[in-house]
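The next block holds one structure in the form of structure tokens; read it before the comments.
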Amino acid sequence: MRDRPYLTFFLVAAVVFLTMTVAGGIAARIIVGGQGAAAAASDQIHDVFAQATGTLFLASPFLALAWLSASLARRVGLAAGLRLFLFGALLLGFLYVSAQFDSERYMARRGWTAAALAIGLLPVKSVPVLLLCAVLAWLGVRKHRAHRT
């Protein structure tokens with residue numbers, strides 16, 4: 001993990017993204033959409049893998065967070081990178097899961113465009129979270145450099 005922080009953080013980001021997307025979607029389909037657990041899981045997993053381009057686009061904020069965290073881990077230390085990643089992943093996870101629920105609510109009201117945009121605009125909605133994480137990473141590097149001199 002210490003030798004290859006970029007590979008490690010990118011793999012962890014992919015797992016966290018898929019977990020948040022699939023679990024959030026299944027929960028939203030069960031709670032809001034009224035589907036059974038098996039049908040919700042089947043539909044959500046199918047959607048994730050059938051729409052590979054869209055899934056990669058949705059994963060981009062998690063991959064950007066992985067890059068920020070790995071860069072911080074390389075410059076300051078693994079613990080700092082992990083803290084940044086966990087903080088950012090919690091914020092992004094909340095954003096993604098709440099968007100899944102919003103999308104299901106729009107679908108129930110036949111708001112097809114709103115439902116699609118609730119999910120499709122997630123990378124854009126993630127920009128403030130990523131900017132906050134970038135500022136925190138910059139502050140971490142700056143603090144680390146101040147302590148070294």
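In what follows, every heavy atom counts, from backbone to side chain, and hydrogens, waters and symmetry copies are set aside. In this chain, numbering begins with 1 at the start of the sequence shown. Predicted model, so just to flag it, every value in this text is computed and none were measured.
- For the residue pair P5 and A73, the shortest heavy atom distance occurs at CB-CB, 4.4 Å.
- Residues R29 and Q44 have side chains in contact (heavy-atom distance under 4.5 Å, counting atoms from C-beta outward).
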What verdict does the side chain to side chain contact (heavy atoms under 4.5 Å, CB included) test give for L95 and K125, after you've listed the backbone C-alpha separation in whole Å, the side-chain angles of each residue and the deciding distance to 0.1 Å? CA-CA 8 Å; L95 197 66; K125 292 179 184 178; 4.2 Å; yes

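- With hydrophobic clusters built from ILVMFWY side chains whose heavy atoms lie under 4.5 angstrom apart, V15 does not share a cluster with L84.
- In this structure, L58 CG and M20 CE are separated by 14.0 Å, a value rounded to the nearest 0.5 Å.
- Considering all non-hydrogen atoms of both residues, A89 and V16 come closest at CB-CG1, 4.2 Å.
- Residues V127 and F94 do not share a hydrophobic cluster, defined by chaining ILVMFWY side chains whose heavy atoms lie under 4.5 Å apart.
- Note on L122 and L117: separate hydrophobic clusters, where clusters join Ile, Leu, Val, Met, Phe, Trp and Tyr whose side-chain heavy atoms are under 4.5 Å apart, directly or indirectly.
- In this structure, OG in S60 is found 11.5 Å from CG in L65, a value given to the nearest 0.5 Å.
- Heavy atoms of other residues, nucleotides or ligands lying less than 6.0 angstrom from CZ of R74 number 12 at most.
- The same ILVMFWY cluster, assembled from side-chain heavy atoms under 4.5 Å apart, contains both V22 and I30.
- Residues W67 and Y6 form a side-chain contact, since some pair of their non-hydrogen atoms from C-beta on lies under 4.5 Å apart.
- No side-chain heavy atom of P61 sits under 4.5 Å from any side-chain heavy atom of V129.
- Proximity of C133 to F85: side-chain heavy atoms (C-beta onward) are nowhere separated by under 4.5 Å.
- Rounded to the nearest 0.5 angstrom, L63 CG and L68 CG are separated by 11.5 Å.
- Taking OH from Y106 and OG1 from T113, the interatomic distance works out to 11.5 Å, rounded to the nearest 0.5 Å.
- I119 and M107 fall into different hydrophobic clusters, where Ile, Leu, Val, Met, Phe, Trp and Tyr residues are linked whenever their side-chain heavy atoms come under 4.5 Å apart, directly or through other members.
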I would like to know whether S126 and Y96 meet side chain to side chain contact (heavy atoms under 4.5 Å, CB included); could you show each step before the answer? CA-CA 9 Å; S126 300; Y96 274 53; 3.7 Å; yes

Does the pair T21 and Q100 meet the rule for a side chain to side chain contact (heavy atoms under 4.5 Å, CB included), with working shown? CA-CA 8 Å; T21 302; Q100 292 279 0; 4.0 Å; yes

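- In terms of heavy-atom proximity, A115 sits nearest to S103 at O-OG, 3.1 Å.
- F17 places a side-chain heavy atom less than 4.5 Å from the side chain of T55.
- Scanning both residues, F10 and A66, for their nearest heavy atoms gives CD2-CB, 3.7 Å.
- K143 places none of its side-chain heavy atoms less than 4.5 Å from the side chain of L139.
- Side chains of L132 and L91 form a contact here, defined as non-hydrogen atoms less than 4.5 Å apart.
- V48 and L18 get closest at one heavy-atom pair: CG1-CD2, 3.8 Å.
- Residue A118 comes nearest to D102 through the heavy atom pair CB-CB, 4.4 Å, listed as atom of the first residue, atom of the second, then distance.
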